[in-house]
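Values reported hereafter were calculated over all heavy atoms of this structure, with side chains retained and with hydrogens, waters and symmetry mates removed. For clarity, every value in this text was computed on a predicted model and none was experimentally measured. Start at 1 and go down the list; that is how both ligands and their atoms are numbered.
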Amino acid sequence: VRANFSTVFDDEDEVTGFITVISDVTEQEKIDQERREFVSNVSHELRTPLTTMKSYIEALTDGAWQDKEIAPKFLSVAQNETERMIRMVNDLLQLSKMDAEEYPLQKERTDFISYYHHIIDRFEMHIPKHIALQREIPNGSYHVWIDKDKMTQVLDNIISNAIKYSPEGGTIKLKAEQKRHYLLISIHDQGLGIAYDKLDKIFERFYRADKARTRKLGGTGLGLAIAKELVEAHHGQIWAKSKEGKGTTIFFTLPLMNQKRRGAS
Ligand code: ADP
């Protein structure tokens, strides 16, 4: 709600009254504003890789192409930037499809435990930096109603962030536990952490806690925004806890399907 106050004067400049106009800032205005911000963000985000590519290509055209040492490096920068732009545009397309609700989920009854192990096994095949993955996953089966491809995207985004921001030799703890009628999944890393006032923002589109750093790591700033949309489309919630310099934990929930109650905590 927006309020405007005005004072009413008569011909002799005497105050004769006050008018207060209270108007509703409609949902539509909010959406329009968000859309404007979004377009402006997208433009900025795409301009950076484009200007980088432009200057490297200019240097190549101006003669660097003849230098056997420099030319491959410049070409590889251009290639990386192109790949990042493609990732970003793909992420954007996915978000816009989700916004338009043109994004049917193919949900099926899935045992989350064996599915989770499978996802972690995949990461274990090519994990860098001597990072250890530690599982705290109960035995037995816990069924959830999920679109496996989309849930894989959620986990991929969270786990690859945990790896990206982990120190050499760090341990990433991957947990799942039953809480009443839902599963609580958490991924904890020992990385640099996120400041308290930035914690909620990391789920916003294009938000990066440290722009320069995450750009270098090839991020798009859209991974967690997509994860949030997808978790919510599964009737779950997602949030983060972090201690600067100590590490970050991303939590999300998924409703459990009807099954025998076991050791609810
Ligand atoms: P990006 O593609 O930049 O990683 P995300 O949407 O996945 O985009 O994450 C948004 C921002 O949140 C990141 O740029 C980073 O600043 C912060 N972030 C996400 N996960 C972690 C983590 N595990 N540790 C520290 N910071 C993180």
Is there any N or O on I194 that sits under 3.5 Å from an N or O of ligand 1? no
Taking atom OH of Y56 as the centre, does the number of heavy atoms from other residues, nucleotides or ligands within less than 6.0 Å exceed 12? no
Nearest non-hydrogen partners of P255 and V144, listed with the distance: O-CG1, 3.5 Å
Has N157 got any heavy atom lying under 4.0 angstrom from an atom of ligand 1? no
May I have all residue pairs that pass salt bridge (charged side-chain N to carboxylate O under 4.0 Å, His left out) and include part of residues 46-67, sequence neighbours excluded? K54-E58
Would you find more than 12 non-hydrogen atoms of other residues, nucleotides or ligands less than 6.0 Å from K107 atom NZ? yes
Residues at least two apart in sequence or cross-chain that pass side chain to side chain donor-acceptor pair (under 3.5 Å) with S114, listed by chain then number, are D111
Just which atoms of ligand 1 are under 4.0 Å from any heavy atom in D189? 22 (C), 23 (N), 24 (N)
For ligand 1, the portion of Y207 having any non-hydrogen atom under 4.0 Å away: backbone
Is there a donor-acceptor contact under 3.5 Å linking the side chains of Y103 and E229? no
To atom 7 (O) of ligand 1, the nearest of T249, L199, N161 on a heavy-atom basis is N161
Any atom of ligand 1 sitting under 4.0 Å from a heavy atom of K198? no
Can an N or O of L224 be found at a distance shorter than 3.5 Å from an N or O of ligand 1? yes
So the atoms of ligand 1 within less than 4.0 Å of a heavy atom of L222 turn out to be 6 (O), 8 (O)
Any N or O on G221 sitting closer than 3.5 Å to an N or O of ligand 1? yes
Relative to the heavy atoms of I202, which atoms of ligand 1 are at a distance of less than 4.0 Å? 10 (C), 12 (O), 17 (C)
What orientation do F252 and F112 show, parallel under 30°, tilted 30 to 60°, or perpendicular over 60°? perpendicular
